[in-house]
Amino acid sequence: MAPKRRAARQSADASTLVIVESPAKARTIKRFLGDGYTVASSIGHIRDLPASAAEVPKNLKGKDWATLAVNVDEGFRPVYIIPTDKKRVVTELRTELKGADQLLLATDEDREGEAIAWHLVEVLKPKTPVRRLVFHEITRSAITKALSQTREIDQRLVHAQESRRVLDRLIGYLVSPVLWKKVGSGLSAGRVQTPALWLIVQRERERMAFVSADYCIPIATLAPAEDSETAFEARLISLDDRDLATAADFNPDTGMLRAGSRARLLPEADAQSVIQALADATFQVTDVAKRPRTRRPQPPFITSTLQRAASTRLRLSPRQTMRVAQQLYENGYITYMRTDSPALSAQATSAARTAVRAEVPQERERDYLPERPRAYRARSARAQEAHEAIRPAGRRFRHPDDLGPDVDADGRRLYRLIWQRTLASQMSDAQFEQTRVQIAAEAGDHGKAVFQSNGQVVVFDGFLRIYAGERSGERMLPDVSPGDRLQVRGIDLGARETRPPDRWTEASLIRELESLGIGRPSTYATILETVQGKYVERKEGALVPGWHAFAVIQLLEAHFPELVDSQFTARMEDGLDRVAEGSLNPLPWLSAFYFGGDIESENDGAGMLRDGLRQRIEASQDAIDARAVCTIPLPGSNGSPIAVRIGRYGPYLEAVENGARTQAPDDVAPDQLTAEVAADLLAKAASGDEPLGTDPASGLSVFLKSGRRGHYLQLGESRGAGRRRPKTASVWPMYSPESLSLNDALDMLAYPRTLGTHPESGTRVTVQDGPYGPYVKCGKESRSLPGDGDERYAKLASIELPEALEILSAPRQPRRRRAQPAALADLGAHPASGANITVRDGRYGPYVTDGELNASLPKGRDPASVTLDDAVALLTARAERVAAQGGRRRRTGTRRRRR
DNA sequence: CAGTGAGCGAGCTTCCGCTTGACTT
């Protein structure tokens, strides 16, 4: 050991700066490096494409690709910025670099890690020699060895990463706006989230289309002898040599047996008849089969399997799991928690075996530990394997009972799980003996009835001793032999119902995405949050899509089917793999993807979007029928179809037949919103709630309803087939809706009230209530009634013609005065223009204004805290934005430039 | 999507993947 350390120090003479991604990793490797090394961390990527218009560099404004920040016309060159939260990191790294005479970039050896290294060089522009340092195991020997094998940055890997980034940006930032336009603002699509959402929607569709079936599987309770305590259950598997239908025999779309199925469907009546026929029958064992079975331990944890196990065993969400794991990692208890490799280092394998020895009786060590250590490799071909499996850290595993006080309860539970799984992965198989007993009895006209029972006994627990499986329960069967007669203790009907496929859970979806190669260990938890933020609710752990999800998926299936396809990522990765190995030039590849290209050529953009994304986006404007994609037909609405439609105010139900509408309930899952339920809701909405009473004049019912802007009254039924729009009236502010009388209601519904005619024009003068409160109207002229709140309504009731004419004859309030809200604060004169600057509260929230130009305050900013300097800065920024817009307008034909 | 007589600051939303705190609840 000592000579190696000396060698390392010699190679790095004075001072070498080593940069890794994470501070925790930096602390660890610092221990293995000598005095001549400084270790710093980049905290992940230090540069990225700008996320929003506000981050786009000024010199790009006005270019049509500015918000993409990818110059699609010139080699798909990305424009990188240093995000605000990384500026400090970069400053620190620059400082560190000043004192160094060599720079070693020790980021992960995968696509992203290589790119981080390259960005570091681009940003830091080191004058010193730069080398790439890679190691896959944080041990002294691995690092020492790596120090002697440094290399250059691999540009091919960097190109692959950049292509991945550009592709994701093009998809996300070009397709999402199509959704804003056609479905709803703020929605999103992406290479990863879209197939994830599709899986969730598709599963719900299966549940909506599902037709359940009822069937019976009678279960007999049997025992070898009258006094035996070893009674066991056996289920009927065949009648008259025909197998009974089980769940798998039914077609989920019809609830009938699958076409071609020979299975015998046993309805309840028949089952009862069979049970009666068996009342006096003799039950005799016909066959006893025993066979050994073994079960192998599962591989050590990777991110996806850890999240899954923590979800099912510890009830932790993927996000919680990652947070707890991060703490364990930072405190040195486990290895890195974002990994796709189940491989254990030699050190870990040996530590696991040592730990197992401590857990089993000494004389049985050989039984519990295989002779050779078990080795694991990633199942997915897409795995990048930059780290080893998630396992207890170090060369000696700390026992779960010996954790320090710095670990909280969840930390202890998670550590124990990781410890158990790691040890188990090195242990022997578990061995079982499976027993199958068949019993026959004559069921009269029904023919021979065959019952079967399965038992399982653990012969040797092996790895289960440490890490018990979820389904490792034993079922003992008594020792019986062919020919034995059994006592019947009873026969149960065994009524069953087929069930629709389960919804995805966070854990099962992550597993599915991982097996499809979609997403990365660092993003699984985020993917679920993205999807749940916009499209999906979690109910009792299950992922339930909302109606917007259906609309978005319908649009994408019809117009961007490639994005919905779970193979999309796989094809992209094939291309990127070729870029990484240098056999594919990424530019033609990206170009084909964006501009379209020859699909026969090797640069076909992986055949992902044959016409090219750009053309497809342009065509989508006209090609996509927003009404159609926002209409989701409900299944089973025979004759009078009902659809859920996405409107400006959210999803609503609409009967195609008569146009009747009502808001879609947000507490009813799509698979529960059957046509019958929807029809009920529409009927209820049409009738309204209980009427207050009947209007004697018209004979129509008076309803009290609640709308977006408060309570209102309605005379007659809601709009439906052939009905005219009913008359409505706001409930005046001085009335409380709870104690409203019919007479009060009729009073309010009596408006507009005619006061007389205008003496000059002869036009009728009326007063009424409107969306902006009470007003007086004469032909095209109108004026609000004066006063505040209740006063205006009192005036509405009392006003007569002369006063109304007076109000009408007065000029309208001058625009600006009335329009501009009162100032919240007066900040004084603008230092340059001298204009008075104020803070005001408007429709869109607080803003500052100099009288000419307005600028909104940033979200969450307290209007009281704005200083003159802040206001000037906001106004200046706003002026620049306006100027930039002027530039864009010019391009589209308007010459006017605002300044 | 209550009806509907005015007039008022628009500008932004969005992707995926790598990492931690700094925030708030």
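In what follows, chains carry the letters A, B, and so on, assigned in the order in which the sequence lines appear, proteins first and then strands, with residues in each chain numbered from 1.
B/dC16 atom C1' lies 14 Å from atom CG of A/L563, rounded to whole Å. Put simply, CD on A/E55 is 12 Å from P on B/dC12, counting in whole angstrom units.
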Under 3.5 Å, which donor-acceptor pairs link side chains of residues 79-86 of chain A to any protein atom two or more places apart or in another chain?
from: A/Y80; atom 1: OH; to: A/E162; atom 2: OE2; distance (Å): 2.6
from: A/K86; atom 1: NZ; to: A/I43; atom 2: O; distance (Å): 3.1
from: A/K86; atom 1: NZ; to: A/H45; atom 2: O; distance (Å): 2.7

Residues 183-191 of chain A side chain polar contacts: donor-acceptor under 3.5 Å, at least two apart:
from: A/S188; atom 1: OG; to: A/Q193; atom 2: OE1; distance (Å): 2.8
from: A/S188; atom 1: OG; to: A/Q193; atom 2: NE2; distance (Å): 3.4
from: A/R191; atom 1: NE; to: A/D168; atom 2: OD1; distance (Å): 2.5
from: A/R191; atom 1: NH1; to: A/T569; atom 2: OG1; distance (Å): 3.2
from: A/R191; atom 1: NH2; to: A/D168; atom 2: OD1; distance (Å): 3.4
from: A/R191; atom 1: NH2; to: A/D168; atom 2: OD2; distance (Å): 2.9

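Residues that satisfy the ring pair (Phe, Tyr, Trp, His ring centres under 6.0 Å) test with A/W65, not counting sequence neighbours, are absent from this structure. Listed by chain and residue number, nothing satisfies the salt bridge (charged side-chain N to carboxylate O under 4.0 Å, His left out) test with A/E330 (two or more places apart in sequence, or in another chain). Remark: A/E654 pairs with A/R645, A/R661 by the salt bridge (charged side-chain N to carboxylate O under 4.0 Å, His left out) rule, at least two apart or across chains. Every residue was checked against the ring pair (Phe, Tyr, Trp, His ring centres under 6.0 Å) condition with A/Y652, not counting sequence neighbours, and none meets it. Here A/Y751 pairs with nothing under the side-chain hydrogen bond (donor to acceptor under 3.5 Å, both in side chains) rule; sequence neighbours left out. Scored by the salt bridge (charged side-chain N to carboxylate O under 4.0 Å, His left out) test, A/K25 finds A/E21, A/D108 as partners (sequence neighbours excluded). In this structure, the side-chain hydrogen bond (donor to acceptor under 3.5 Å, both in side chains) partners of A/Y329, at least two apart in sequence or on a different chain, are A/S22.
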Protein and nucleotides 13-15 of chain B: nitrogen or oxygen contacts under 3.5 angstrom:
from: B/dT13; atom 1: O2; to: A/G186; atom 2: N; distance (Å): 2.6
from: B/dT14; atom 1: OP1; to: A/K534; atom 2: NZ; distance (Å): 3.1
from: B/dT14; atom 1: O2; to: A/G172; atom 2: O; distance (Å): 3.4
from: B/dC15; atom 1: OP1; to: A/S188; atom 2: OG; distance (Å): 3.3
from: B/dC15; atom 1: OP1; to: A/Q193; atom 2: NE2; distance (Å): 2.8
from: B/dC15; atom 1: O2; to: A/R165; atom 2: NH1; distance (Å): 3.1
from: B/dC15; atom 1: O2; to: A/R169; atom 2: NE; distance (Å): 3.3
from: B/dC15; atom 1: N3; to: A/R165; atom 2: NH2; distance (Å): 3.1
from: B/dC15; atom 1: N3; to: A/R169; atom 2: NE; distance (Å): 3.4
from: B/dC15; atom 1: N3; to: A/R169; atom 2: NH2; distance (Å): 3.2
from: B/dC15; atom 1: N4; to: A/R169; atom 2: NH2; distance (Å): 3.4
from: B/dC15; atom 1: N4; to: A/Y173; atom 2: OH; distance (Å): 3.4

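Judged purely by distance below 3.5 Å, without hydrogens or angles, the side chains of A/R764 and A/T754 pair a donor atom with an acceptor atom.
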### Summary
For nucleotides 18-25 of chain B, 5' to 3', base contacts (B), sugar-phosphate-only contacts (S) and non-contacts (-) with protein non-hydrogen atoms under 4.0 Å give BBSS----
### Task
Using Watson-Crick or G-U wobble pairs with both distances under 3.5 Å, give me DNA chain B in dot-bracket, 5' to 3', with [ ] for crossers and | for pairs to another strand.
.........................
